[in-house]
Amino acid sequence: MIEQWKQLIWDAARHPTLAVSGVRKIASDVSFEIPGDQLTSGLNYTDLCYTAAKGRQLMRNYWNQEEADAAVSKLLSRRGKDHSSVSIQLRGQEKDSRSQGYCMQNMVITVTPTVSYVDIYYRSTELIQKFLADLIFFSKTLPPIFEELGIEPEAIRFKFANVYLSAVFMPIFLRYEDDPRRFFEHLRK
């Protein structure tokens, strides 16, 4: 998962700049895909300079267990059908009035007799620290759903309306990047 995430950072650096705001390069209409069997990290939130409470915060803000259970139940009731697709809104508790809204929007699980996919849609995210924390979150919350459904998705596909790279979080990326100099040259171009 880390290798795919690093490639996403490189791709976002290459992506046309929508805006520069402070120390952030903002790009739009970015997609990212990770093979379903690689949604595992070996990381924890403290590896990203968060406290262990970050997982609870993500769960509180973005996970509605009743909605996830209803989606799983619907997919199980349609087992054997040619095509099934359910949406799970990624909304937990209400956001503060200062917020521009939920960053993660919804997740769609699509199942056929031969293949399945998960698509996750974002309004916006910071790709280095925050999105890697989201990947850790999904690596913990999605496998139990896949196990219950008896599926291993071909891919987890992420679609972002807006992404940004922030110089503030670059030290986290550099912990995992083998060639920082080449990356910064790439970003400069």
Side-chain angles (χ1 to χ4, degrees), residues 1-63 90 99-108 117-143 146 152-189:
M1 185 170 84
I2 291 294
E3 290 305 313
Q4 285 89 1
W5 167 77
K6 285 175 20 182
Q7 187 59 54
L8 171 63
I9 304 302
W10 279 77
D11 291 346
R14 176 183 326 105
H15 212 79
T17 301
L18 175 66
V20 174
S21 178
V23 296
R24 300 180 304 161
K25 171 198 165 137
I26 302 167
S28 65
D29 191 23
V30 174
S31 296
F32 169 65
E33 184 173 303
I34 185 168
D37 64 355
Q38 293 185 23
L39 186 65
T40 175
S41 69
L43 295 176
N44 60 55
Y45 299 109
T46 58
D47 294 324
L48 309 179
C49 303
Y50 285 118
T51 67
K54 180 64 176 175
R56 291 189 299 277
Q57 178 206 10
L58 288 169
M59 185 67 79
R60 192 172 52 250
N61 287 345
Y62 291 105
W63 198 252
L90 296 174
S99 171
Q100 293 183 62
Y102 294 90
C103 292
M104 291 185 241
Q105 292 291 304
N106 75 309
M107 174 173 55
V108 175
Y117 292 97
V118 175
D119 294 283
I120 301 173
Y121 299 89
Y122 276 71
R123 174 187 63 80
S124 183
T125 194
E126 182 279 319
L127 289 178
I128 296 173
Q129 184 187 42
K130 294 178 183 191
F131 180 64
L132 188 53
D134 294 349
L135 286 175
I136 294 170
F137 172 73
F138 287 125
S139 77
K140 296 176 185 309
T141 56
L142 296 183
F146 302 155
E152 183 175 296
E154 180 77 19
I156 315 295
R157 303 179 296 203
F158 297 86
K159 294 171 180 61
F160 308 98
N162 301 280
V163 298
Y164 65 94
L165 295 175
S166 173
V168 172
F169 302 114
M170 261 318 145
I172 294 169
F173 175 66
L174 297 178
R175 290 177 64 193
Y176 302 100
E177 176 50 50
D178 299 327
D179 196 346
R181 181 183 179 123
R182 189 170 72 100
F183 173 77
F184 283 116
E185 289 170 353
H186 171 74
L187 178 61
R188 184 174 49 93
K189 292 178 187 171

Q. Can you name the closest pair of heavy atoms from Thr46 and Ala52 and give their distance?
A. CG2-N, 4.0 Å
(Q) Apply side-chain contact (heavy atoms from CB on, under 4.5 Å) to residues Leu165 and Ile9 and explain how you reach the verdict. (A) CA-CA 8 Å; Leu165 295 175; Ile9 304 302; 4.0 Å; yes
Q | Interatomic distance, Leu43 atom CG to Ser139 atom OG [nearest 0.5 angstrom] | A | 8.5 Å
(Q) side-chain contact (heavy atoms from CB on, under 4.5 Å) for Leu135 and Ile2? Distances and angles first, verdict last. (A) CA-CA 10 Å; Leu135 286 175; Ile2 291 294; over 6 Å; no
Q) CZ/Phe137 to CG/Leu90 distance, rounded to the nearest 0.5 angstrom? A) 7.5 Å
Q | From OG (Ser31) to CZ (Phe158), nearest 0.5 Å | A | 11.5 Å
(Q) Run the ring pair (Phe, Tyr, Trp, His ring centres under 6.0 Å) test against Phe183 and tell me which residues pass, sequence neighbours left out. (A) Trp10, Phe173
Q) Does some side-chain heavy atom of Ile156 sit less than 4.5 Å from a side-chain heavy atom of Phe138? A) no
Q. If we only count heavy atoms from C-beta on, is the Met104 to Asn61 side-chain gap below 4.5 Å?
A. no
Q) From Phe169 CZ over to Leu174 CG, what is the distance, rounded to the nearest 0.5 angstrom? A) 13.5 Å
Q) Can any side-chain N or O of Arg175 pair as donor or acceptor with the backbone N or O of Asp47 at less than 3.5 Å? A) yes
Q: Would you indicate whether the side-chain heavy atoms of Tyr122 and Val30 approach each other to under 4.5 Å?
A: no
**Q.** Heavy-atom closest pair, residues Cys103 and Ser124
**A.** CB-O, 3.0 Å
Q) Residues two or more places apart in sequence or in another chain: which of them pass side-chain contact (heavy atoms from CB on, under 4.5 Å) with Lys25? A) Thr17, Leu187
Q: Of all the heavy-atom pairs spanning Ser21 and Ile26, show the shortest one and how long it is.
A: CB-CD1, 4.0 Å
Q. How many angstroms lie between atom CZ of Arg24 and atom OH of Tyr164, to the nearest 0.5 angstrom?
A. 5.5 Å
Q: Identify the two heavy atoms, one from Pro16 and one from Ala27, that lie closest to each other, and give their separation to 0.1 Å.
A: O-CB, 3.6 Å
Q. If we only count heavy atoms from C-beta on, is the Leu142 to Met107 side-chain gap below 4.5 Å?
A. yes
(Q) What I want to check is whether the side chains of Tyr62 and Asp134 have a donor and an acceptor closer together than 3.5 Å. (A) no
Would you give me the side-chain donor-acceptor pairs under 3.5 Å for residues 32-40, sequence neighbours excluded?
residue	atom	partner	partner atom	Å
Gln38	OE1	Gln4	NE2	2.3

**Q.** For Tyr45 against Ala133, the heavy-atom pair lying closest together
**A.** CE2-O, 3.4 Å
Q: Report the residues that fulfil side-chain hydrogen bond (donor to acceptor under 3.5 Å, both in side chains) with Lys159, sequence neighbours left out, ordered by chain and then residue number.
A: Asp119
Q. Can you find a heavy atom in the side chain of Lys130 that is under 4.5 Å from one in the side chain of Tyr50?
A. yes
Q: Enumerate the residue pairs fulfilling salt bridge (Lys or Arg N to Asp or Glu O under 4.0 Å) with a member in residues 2-15, sequence neighbours excluded, ordered by first and then second residue.
A: Glu3-Lys6, Lys6-Asp178, Asp11-Arg14
Q. Got a sec, which residues hit salt bridge (charged side-chain N to carboxylate O under 4.0 Å, His left out) with Arg181, two or more places apart in sequence or on another chain?
A. Glu185
Q: Check whether any side-chain heavy atom of Ile128 lies under 4.5 Å from a side-chain heavy atom of Leu48, and answer yes or no.
A: no
(Q) Test your reading of the model: is there a side-chain donor-acceptor pair from Gln105 to the backbone of Arg123, 3.5 Å cut-off? (A) no
